[in-house]
Amino acid sequence: MKIIYKNMEIDINENDRAIDVFKEKIEENNNIIACMVNNEVKNLNYKLQNNDKVDLLNTTDRDGARIYTRGLLFIMSMAFKELYPEILLTVNYQLKSSMICELKNIEPTEEMIENVRKKMQEIINANLKIEKKELPREKAIEFLRKENTSIGKSQLEDKEKDTMSLYFCNGYYNYFFGVMPISTGFIKLFDIMKYNNGFLIRYPSKKEPNKIMPYEETKKLLRTLNEYDDIYKALGVCNLDQINKKIREGKSKELILIAEALHEKKISQIADEIAKNKEKRIILIAGPSSSGKTTFAKRLGIQLHLNGIKPKTISVDNYFVEREQTPLDEDGKPNFEALEAVDLQLLNNDLTKLLNGEEIQMPTFNFKTGHKEYLGNTMKLEEDEVLVMEGIHCLNDNLTPAIPTTQKFKIYISALTVLNIDYYNRISTTDTRIIRRTVRDNQFRGYNAKRTLEAWASVTAGEEKNIFPYQEQADVMFNTSLIYEINVLRNYAISLFEQITPEDAEYSEAKRLCKFLKYFEPIDTEYIPKNSLLQEFLGNSIFEE
């Protein structure tokens, strides 16, 4: 028997597992945590088959990082269960290489957190096996009810499944969505610290896999997440089980109307704040891909009109440097996302003139020729008008150094998902955005899901460099997520992801997203307003030109 690893054939025995074949490599690189077999993520105990195409995953890979975090959360929940069995633990959301968690029935103390830290380290040092076991549906339901826990609820809602998978370790069990490390010893580094009324579980970043970086506060982001979390708690829709129950009860219309009303209220409040600050003449909007920036800007413009303010839009895209001046990335390719790809001098000269009441000649960038053109378009800013500019660098003051801070109003927008599958499995903001983008790319650009997933790593790399470091500099944050949106998008996205085959490098991600989406009860688009931010991705927006 043989397998293929990095285009080389390796002879294996009939019952060899990945960990047997790659034992030396795993010992050399302690960041290896799983493997990719025929474009599917597998744990290291996977029994290899003849002609399998194998690659190793470490914690600098997207999938490897997910497995590390999942394993760490499993160990944390195991430690809490052993030390404080009556405590109800929940994993809320991510804050830069950290998960913020809380205890529903008690506030943690420093002593409690220290005890959990020591117990977690004991579990890690013991290098205990983590095994996945399948239970028949009826036995699983009985098992969960007996233990008075809601773990795995979403699996039990899947009518097509006859069994439920649980992860077991040294007498402890829990449900986690996705592949787990094969033993606790694969979790090398972690930290746990009391934080506000809960605590943070911390882990290495993909860029720095061998150390825990100093914690950086993200107070504005946390405040925005907490605000939405509190609202959803008040509405009784904190997790997927509660959302699905509402839909099965015929309350889809109510969910949609409440979510849309919340968006309208928040946009109105932002417009009111701008109106109160008369010196703010330029509104700068930035956010990661598929945040809904286009619809947000137009809806904000309507609310500004109600406040007696007329918005005028200026596009950063028209201020690219000439193509031959575009900076190059490390591979020698044009880096259009670099700040230096913008003609900063011209942009700042034009903005200064506009804010001084002067008329400017507006450039139009010709993307075919790679040069700016002047086609006779002019712009002048009147007393009752403000400039609205959207772009990846808009929160970075180095984009507009000539403009006084007092004249700028910065808005960060993103789909900040606070909905969880259950107590331990959160719904990733990144997953929400990639599902949005997949549907939009297919609707508007004719791209298939493979092409969207293929480009995603490059997209997120640009966001991590150019957007996320500046998010806390925003004056306000707007959460564009809608609590019902995945229930709608699933109807479009599942069929797109199912077109990706096992021969494609994107197969594992597509399969994961398909499985995830099938947990959501479907909602029809009948009651979605035409001005909804979600229509930007569905292709039925009133703002379409």
Side-chain angles (χ1 to χ4, degrees), residues 3-8 10 12 16-48 52-76 94 96-99 120-121 123-125 127-132 167 169 176-191 201-213 330-331 428 430-431 434 453-454 456-461 463-465 504-513:
I3 61 169
I4 301 167
Y5 172 71
K6 294 187 181 298
N7 296 320
M8 297 185 300
I10 298 177
I12 64 169
D16 274 351
R17 301 167 300 158
I19 194 164
D20 300 321
V21 175
F22 296 103
K23 184 178 180 181
E24 289 185 8
K25 291 186 180 298
I26 293 168
E27 289 174 351
E28 290 171 7
N29 182 352
N30 63 9
N31 292 321
I32 293 172
I33 197 166
C35 56
M36 186 76 76
V37 181
N38 303 326
N39 295 320
E40 284 195 68
V41 178
K42 302 290 184 182
N43 70 35
L44 290 171
N45 275 331
Y46 176 77
K47 185 179 174 182
L48 296 168
D52 275 347
K53 184 180 177 182
V54 183
D55 200 0
L56 296 174
L57 294 173
N58 62 53
T59 53
T60 61
D61 300 314
R62 177 191 60 193
D63 290 304
R66 285 176 182 156
I67 293 168
Y68 190 96
T69 304
R70 197 175 295 130
L72 179 60
L73 292 175
F74 182 87
I75 292 168
M76 177 196 71
Q94 185 174 1
K96 200 169 186 180
S97 298
S98 305
M99 289 289 183
M120 289 177 67
Q121 195 62 58
I123 294 169
I124 290 169
N125 293 344
N127 195 25
L128 302 170
K129 288 183 180 179
I130 303 174
E131 299 177 281
K132 189 175 186 178
Y167 284 105
C169 180
F176 277 84
F177 181 75
V179 172
M180 192 72 73
I182 62 172
S183 71
T184 59
F186 280 82
I187 305 304
K188 310 294 183 185
L189 293 170
F190 77 95
D191 190 20
I201 185 78
R202 307 195 56 231
Y203 42 88
S205 69
K206 287 190 294 181
K207 289 183 179 179
E208 298 285 352
N210 297 315
K211 61 182 176 181
I212 304 288
M213 300 297 289
E330 56 271 16
D331 297 321
S428 163
T430 302
D431 282 351
I434 199 169
L453 293 182
E454 220 170 26
W456 190 248
S458 174
V459 170
T460 54
E463 294 167 350
E464 289 172 2
K465 181 177 181 181
D504 296 318
E506 297 75 25
Y507 178 68
S508 180
E509 182 71 348
K511 185 178 179 181
R512 181 187 72 84
L513 289 167

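When reading the values below, keep in mind they use all heavy atoms of this one structure, side chains included, and skip hydrogens, waters and symmetry mates. Every value quoted in this text rests on a predicted model; they were computed, and no experiment measured them.
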Exercise for review: State which residues pass salt bridge (charged side-chain N to carboxylate O under 4.0 Å, His left out) with Asp16; sequence neighbours excluded, sorted by chain then number.
Suggested key: none
Study note, to complete from the structure: Contacts of Asp61 meeting salt bridge (charged side-chain N to carboxylate O under 4.0 Å, His left out) (sequence neighbours excluded), chain-then-number -> none
To the nearest 0.5 Å, tell me how far [X] [atom1] sits from [Y] [atom2].
X      : Y      : atom1 : atom2 : answer
Asn31  : Leu189 : CG    : CG    : 8.5 Å
Leu513 : Ile434 : CG    : CD1   : 6.0 Å
Leu57  : Asn43  : CG    : CG    : 11.0 Å
Lys132 : Cys169 : NZ    : SG    : 15.5 Å
Arg70  : Ile130 : CZ    : CD1   : 11.5 Å
Asp55  : Lys6   : CG    : NZ    : 5.0 Å

Review point. Counting heavy atoms not belonging to Asp331, are there more than 12 under 6.0 Å from its CG?
Key: yes
Check your understanding: Would one find more than 12 heavy atoms of other residues, nucleotides or ligands at under 6.0 Å from atom CD of Glu27?
Key -> yes
**Study point:** Worked verdict on Ile187 versus Tyr203 for side-chain contact (heavy atoms from CB on, under 4.5 Å)
**Key:** CA-CA 9 Å; Ile187 305 304; Tyr203 42 88; over 6 Å; no
Check your understanding: Any salt bridge between Arg512 and Glu509, counting N to O under 4.0 Å?
Key -> yes
Check your understanding: Does a side chain donor of either Asn39 or Asp504 reach within less than 3.5 Å of an acceptor in the other side chain?
Key -> no
Kindly say whether [Y] contributes a backbone atom to a donor-acceptor pair with the side chain of [X] at under 3.5 angstrom?
X      : Y      : value
Ser508 : Val41  : yes
Asn38  : Lys53  : yes
Arg202 : Met213 : yes
Tyr68  : Thr60  : no
Ser183 : Asn127 : no

Practice item. Sort out for me which residue in Asn29, Ile26, Ile33, Ile67 forms a side chain to side chain contact (heavy atoms under 4.5 Å, CB included) with Asn58. Key: Asn29
Quick one: are [X] and [Y] in side-chain contact, heavy atoms under 4.5 Å?
X      : Y      : value
Met120 : Ile201 : yes
Leu73  : Phe176 : yes
Lys207 : Glu464 : yes
Thr59  : Asn210 : no
Tyr46  : Val54  : no

Point to revise | Leu56/Cys35 under side-chain contact (heavy atoms from CB on, under 4.5 Å): CA gap, chis, key distance, verdict | key: CA-CA 4 Å; Leu56 296 174; Cys35 56; 4.3 Å; yes
Point to revise | Partners meeting side chain to side chain contact (heavy atoms under 4.5 Å, CB included) with Lys47 (sequence neighbours left out) | key: Asn15, Gln49
Practice item. Apply side-chain contact (heavy atoms from CB on, under 4.5 Å) to Phe190 and Ile75, showing your working. Key: CA-CA 11 Å; Phe190 77 95; Ile75 292 168; over 6 Å; no
